[in-house]
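To start, the structure itself, in structure tokens.
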Amino acid sequence: MPIALDPRREVKYVLRCDRALPPEKQTTFSIRPLTVRQAAEVKDSLLILDKATQDLKPASGSHELSILRCGLIGCDNFLDSSGKEVRFTMKSGVVSDEFLDRLAYDWRTELANAITDLSTVTEAALGN
């Protein structure tokens with residue numbers, strides 16, 4: 001039986017590298033699933049046409065960035081090397097590149113995957 005998804009639900013996410021830490025030391029990211037329109041736009045941007053060769057090439061970096069822009073909506077307890085909290089910033093309704101620049105490559109990938117996974121109904125949720 002299908003289970004309706006809520007595209008505006010907010011989920012708290014802790015990176016794998018922080019999960020063994022006490023809760024007060026963990027960075028918590030707020031994420032949400034993509035809407036159907038956002039997901040379609042992300043899919044549409046998966047391939048780019050090389051105008052010189054007329055070849056289609058994957059655009060996986062842009063794909064990940066699009067997912068983060070739409071699905072990353074906040075964070076708490078994200079500290080810089082001096083222990084100062086890094087402020088979550090948005091521009092034009094999406095997370096700013098300045099904030100995303102502060103995230104390590106593997107964290108961006110993990111967060112993008114977690115956002116994508118929010119649109120998947122698990123067997124456990126289905127009661128199977």
Side-chain angles (χ1 to χ4, degrees):
M1 175 168 142
I3 304 292
L5 299 174
D6 177 2
R8 294 295 173 204
R9 81 181 185 279
E10 183 180 318
V11 174
K12 300 295 183 186
Y13 185 85
V14 175
L15 295 169
R16 286 188 295 271
C17 63
D18 265 8
R19 292 182 187 162
L21 297 174
E24 64 275 4
K25 299 265 187 192
Q26 295 175 350
T27 299
T28 305
F29 293 91
S30 298
I31 60 174
R32 69 172 176 219
L34 304 184
T35 65
V36 68
R37 181 173 304 283
Q38 291 167 335
E41 289 171 357
V42 167
K43 276 186 175 182
D44 287 348
S45 70
L46 276 174
L47 295 174
I48 56 172
L49 178 65
D50 183 320
K51 292 180 183 179
T53 65
Q54 296 297 303
D55 290 333
L56 288 175
K57 297 182 178 186
S60 60
S62 297
H63 175 76
E64 185 176 277
L65 179 59
S66 296
I67 292 170
L68 290 170
R69 283 188 174 146
C70 297
L72 181 58
I73 56 174
C75 83
D76 293 304
N77 202 33
F78 184 42
L79 307 178
D80 67 14
S81 60
S82 66
K84 183 180 176 194
E85 186 148 2
V86 175
R87 198 173 126 239
F88 183 83
T89 56
M90 297 183 84
K91 280 191 180 169
S92 303
V94 297
V95 62
S96 70
D97 285 354
E98 292 80 14
F99 181 83
L100 293 174
D101 285 341
R102 306 296 299 265
L103 298 173
Y105 173 81
D106 56 327
W107 302 341
R108 293 191 308 265
T109 301
E110 183 178 343
L111 287 166
N113 289 334
I115 291 164
T116 301
D117 288 347
L118 289 176
S119 293
T120 303
V121 179
T122 64
E123 287 293 315
L126 290 172
N128 296 332

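Because the structure is a prediction, the values reported are computed rather than measured.
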Phe29: which of Leu111, Val14, Val11, Ile115 passes side-chain contact (heavy atoms from CB on, under 4.5 Å) = Leu111
message = Distance alone, cut at 3.5 Å: any donor-acceptor contact between the side chains of Thr109 and Glu64?
response = yes
ask   = What pairs with Arg32 under salt bridge (Lys or Arg N to Asp or Glu O under 4.0 Å), at least two apart in sequence or on another chain?
value = none
message = Test: side chain to side chain donor-acceptor pair (under 3.5 Å). Region: residues 75-87. Which pairs qualify, not counting sequence neighbours?
response = Asp80-Ser82
ask   = Tell me, do Ser30 and Glu10 make a side-chain contact under 4.5 Å, heavy atoms counted?
value = yes
key: All salt bridge (Lys or Arg N to Asp or Glu O under 4.0 Å) counterparts of Arg19, not counting sequence neighbours   = Glu110
CA sep, side-chain torsions, deciding dist, call: Ile67, Thr116, side chain to side chain contact (heavy atoms under 4.5 Å, CB included) = CA-CA 8 Å; Ile67 292 170; Thr116 301; 3.6 Å; yes
key: Min side-chain heavy-atom separation Leu100-Leu72 under 4.5 Å   = yes
ask   = How about Leu118 and Ile31: do any of their side-chain heavy atoms sit closer than 4.5 Å?
value = yes
ask   = So do the side chains of Leu68 and Phe99 get within less than 4.5 Å of each other, counting heavy atoms only?
value = no
key: Other residues, nucleotides, ligands: >12 heavy atoms within 6.0 Å of Arg108 CZ   = yes
ask   = Can you tell me if CZ on Arg37 sees more than 12 non-hydrogen neighbours from other groups inside 6.0 Å?
value = no
key: Residues Asp97, Lys91: salt bridge by 4.0 Å N-O rule   = no
inquiry  = According to a hydrophobic-cluster definition based on side-chain heavy atoms being under 4.5 Å apart (Ile, Leu, Val, Met, Phe, Trp, Tyr only), do Val94 and Val36 belong together?
reply    = no
